Amino acid sequence: MAVFPWHSRNRNYKAEFASCRLEAVPLEFGDYHPLKPITVTESKTKKVNRKGSTSSTSSSSSSSVVDPLSSVLDGTDPLSMFAATADPVALAAATDSSRRKRDRDDNSVVGSDFEPWANKRGEILARYTTTEKLSINLFMGSEKGKAGTATLAMSEKVRTRLEELDDFEEGSQKELLNLTQQDYVNRIEELNQSLKDAWASDQKVKALKIVIQCSKLLSDTSVIQFYPSKFVLITDILDTFGKLVYERIFSMCVDNRSVLPDHFSPENANDTAKETCLNWFFKIASIRELIPRFYVEASILKCNKFLSKTGISECLPRLTCMIRGIGDPLVSVYARAYLCRALLTEMMERCKKLGNNALLLNSVMSAFRAEFIATRSMDFIGMIKECDESGFPKHLLFRSLGLNLALADPPESDRLQILNEAWKVITKLKNPQDYINCAEVWVEYTCKHFTKREVNTVLADVIKHMTPDRAFEDSYPQLQLIIKKVIAHFHDFSVLFSVEKFLPFLDMFQKESVRVEVCKCIMDAFIKHQQEPTKDPVILNALLHVCKTMHDSVNALTLEDEKRMLSYLINGFIKMVSFGRDFEQQLSFYVESRSMFCNLEPVLVQLIHSVNRLAMETRKLMKGNHSRKTAAFVRACVAYCFITIPSLAGIFTRLNLYLHSGQVALANQCLSQADAFFKAAISLIPEVPKMINIDGKMRPSESFLLEFLCNFFSTLLIVPDHPEHGVLFLVRELLNVIQDYTWEDNSDEKIRIYTCVLHLLSAMSQETYLYHIDKVDSNDSLYGGDSKFLAENNKLCETVMAQILEHLKTLAKDEVKTLEYIKKQSKQPDMTHLTELALRLPLQTRT
Amino acid sequence: MGTALDIKIKRANKVYHAGEVLSGVVVISSKDSVQHQGVSLTMEGTVNLQLSAKSVGVFEAFYNSVKPIQIINSTIEMVKPGKFPSGKTEIPFEFPLHAKGNKVLYETYHGVFVNIQYTLRCDMRRSLLAKDLTKTCEFIVHSAPQKGKFTPSPVDFTITPETLQNVKERALLPKFLLRGHLNSTNCVITQPLTGELVVESSEAAIRSVELQLVRVETCGCAEGYARDATEIQNIQIADGDVCRGLSVPIYMVFPRLFTCPTLETTNFKVEFEVNIVVLLHPDHLITENFPLKLCRI
């Protein structure tokens, strides 16, 4: 076969680059640009807001493209209008927050707020719905009296007359039938509003009537699935009413001189306030019907505070008994629910009086709102202490209390005392299970409010309790929870590890799986919370220990996923370690890590990358001019990589790392080391298997190899030849390897690679190469366009070219087959375009 | 808005007892100065009796109303004719509460046929051109605590079809058994009426149980007397078919003004009763009556 002499085209990269590059044309202000209108209109919007001229629009309006967005932004845009007036939102937010603050204050005045009720409320409303028709029967007037007939029973007559008596203003009866649920809700909302209006316009009697009529609706259970929602809606009105009355009376106690304190005693309330309060109670006591009388009295029960200290707790049993009069069980249960909701504090007092009832106490603590419990923690501790141990174990009570304290904060002043009191009892628990169940809950509280000192004490106590008889073995879940809680509160790991008992605590996890789980939690928290790289020896030591534990758990049976997870965690740690400019320390850390984590390939990969990075940082620091010392250091880094890579299993990982590390070595002027990397890579190529496992699936490796080789070629362009080896010895070696590699039959990959080699060789024959590495002389400057070098180069090209042609020839042999195949294909309906090709092909062959 | 006249009684609840001193201020507020012919204050206490239409003919009832009995009546001249400066002027006053002659200061009571009421009236006389100004203000008199020890008088009761009187066809009545007690029929007016009611059994569903507070007013006159019972209030204590065997509380607050300690004088009497009214399905009405004796201690 004829040899085709090869001559590379001379390229002037600079000129080519200049000619290919798009010309940058400065844009005059008035010039058209498709992206321009938007920006211009934006400036216009601003102008409008400033009530300035719109002159700048003229330039954009001349453009043919009308941007729909810009037309929206035409100053009338609601958002920009908002921006212009700017502050209503902020204002609303401010008033909102102030209102919320006031609400909160009110709540503290009232003693127990309805906040969790607000959540519950929504739930109930969303859950209990109906499609049935509802009715509201509001009796506000006297028509019914006129409609009274002789057939009415005596009681009916009495009733009508009474209602007439009751009615001393604007009579009207509204019976609204066939309401949908939404209508109903709207009507109730209207009533709520008219209640507020009536109150505001000083029509107290009307307000009371509205409330009475509304609470009457609760006696109607006709659409039972809607009843819970109805209860919610109507008790909202009652709450409003209760609040209005309370606030009104409260405001009467406030004179110009002083404001009534939040927790006032009846003596502080003045006579007028008391009288008003009494009037309300007398008025309500004369409400004819049971259900409204109950609800309305319950709604304003807090006003008893103005009259007497014990008023509320005296009323409570009476109101509770009063519910017995309600015949309908559903209605009566809901009435009880309302009473409980309205009078949390007083319920509490009652429970207190019953005393000694541990079960009751526990129910209270688990059912009541955490904030409520938390503010009374000291009371609870007192009660728990007095409790009779026999019925219900105390540790469960302390556990319940602790659960509440984990959710809500007790008053600042009580906090330490609470902990002391509680722990005093907890520490005396003999049974390790009881102890740990209790302690586990209280750790959260301790972590939340105290410093490492207290946490340390608590941990020490836990260790003390759990160590005898290896009690910890039965309590891993609880101990794990404790660790989790501690970690959740100590984001600063230097503080965490300075808690003396933290590591001894970890030592209690002696079962490996649990131990690893705990380590994982710690590392997870570290990765999440550590913001800055660290070199704190305490952290490093502890975490290395933790990571080592995780690493050592890896064995032949460990799942890939698990390994990946562990590697991720360890890598996260490695990445966060920095000794700043103490590069040698950094390197020795990497050395130590390598010896520790040798079983996790991703960690080793990370280490190699980290070391390469270290080398590059050194270079950056020295601005490319290594001193004797840094040069030696960089060589140490390179050596680290060189000896680490062979221990990896993944073939492409190794290839790429060789290449990458070679590049780093080259960049750091370690030429012979770079050569070694590249040689290693080349000698590894024959080992590349046909198929490789990627994410559990076997795939052909050729495309990966092609990708790697192309990358490799790009690097080889700038690798200078070794003085003791022949010209282009690396390229030659690589070509040999490629030649010998067993490629897939009939595959074009090899030829593709050869064409890439042609690119490389052509680039190499240029006078000046396309790119260089700073301070490394590539072949272009070494040979300086030497003719012998060029001749060698061209010879190589010819050889490669010959290979390519050879391949084309074999393709031609198969031509007949190909033609038949194409003809066959072209008969298929979608492939008619191939017919033409089939006709043309034989012609080409003849020529 | 010209001149305003107002009486402010010192005690917020306006309650006074015989022998005490009723004090307060008269407030005159005006933008401009006020010319007047003198300001006087009158304290008056009367018992108004009225005969019911049932006892006498409708017309007679109006015309023959028994003459009001004056218990107390005194007037003081607060300010001599002159001029009040613009703004607010407060004139304090004090009235000793003493009944006329040997009369008794009955407790304030607002009833139907008997009304016992105490008022303060302030009159500002003015020149012919300007109208006289008057302001009336009611104050409340509570009678002195009763002497002697208060002894509760509990009452137990059982209601069955057999205990009922005034039944047309006893056979048609459903069977039922109600038990209960009132803690006392001697009641302290400031304390609620209390007790318990248990529905032990009832064939018919219960619709409602109510406490009906009734006033019994008796007016004596030359030809005899008129006695009328009217309802003061009706309080439902059970709504619907209540649980059997579970006691339902009987609880009723005595309304202020509409009740007073049981009163018996030569001319009139005011007494109170309570009815326990049980309504059964479909349409049975059972009433049990208990006379009460109210007192103030």
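Source: prediction; values computed, not measured.
Of the inter-residue distances, the one linking B:Arg256 atom CZ with A:Lys283 atom NZ reads 11.0 Å to the nearest 0.5 angstrom. Rounded to the nearest 0.5 angstrom, B:Asp239 CG and A:Phe294 CZ are separated by 13.0 Å. Atom CG of B:Asn13 is separated from atom CD of A:Glu275 by 4.5 Å, given to the nearest 0.5 angstrom. We find the CZ-CG distance between A:Arg288 and B:Leu211 to be 11.5 Å, quoted to the nearest 0.5 Å.
Contact annotation for B:Asp241: only backbone heavy atoms (N, CA, C, O) come within less than 4.5 Å of a heavy atom of chain A.
Using a distance-only test at 3.5 Å, with no hydrogens or angles considered, a donor-acceptor pair links the side chain of A:Arg293 to the main chain of B:Gln236. Using a distance-only test at 3.5 Å, with no hydrogens or angles considered, a donor-acceptor pair links the side chain of A:Arg324 to the main chain of B:Ser247.
Scanning all heavy atoms of the two residues, the minimum distance from A:Leu290 to B:Ala238 falls at CD2-CA, 3.9 Å. Minimum interatomic distance between B:Pro249 and A:Cys321 (heavy atoms only, all atoms of both residues): CD-O, 3.2 Å. The nearest pair of heavy atoms linking A:Phe282 to B:Phe254 is CE2-O, 3.6 Å.
Here B:Ile235 is the residue among B:Val248, B:Thr194, B:Ile235 with the most heavy-atom pairs under 4.5 Å with chain A. Contact count versus chain B (heavy atoms, under 4.5 Å) is highest, among A:Ile323, A:Asn279, A:Asp328, for A:Asn279.
Crowding of B:Arg296 atom CZ: a count of heavy atoms from other residues, nucleotides or ligands under 6.0 Å exceeding 12. Crowding of B:Phe258 atom CZ: a count of heavy atoms from other residues, nucleotides or ligands under 6.0 Å not exceeding 12. Annotation for A:Lys204: atom NZ counts as buried by contact number, over 12 foreign heavy atoms lying within 6.0 Å.
Residues B:Tyr251 and A:Met322 fail the side-chain proximity criterion, which asks for heavy atoms closer than 4.5 Å.
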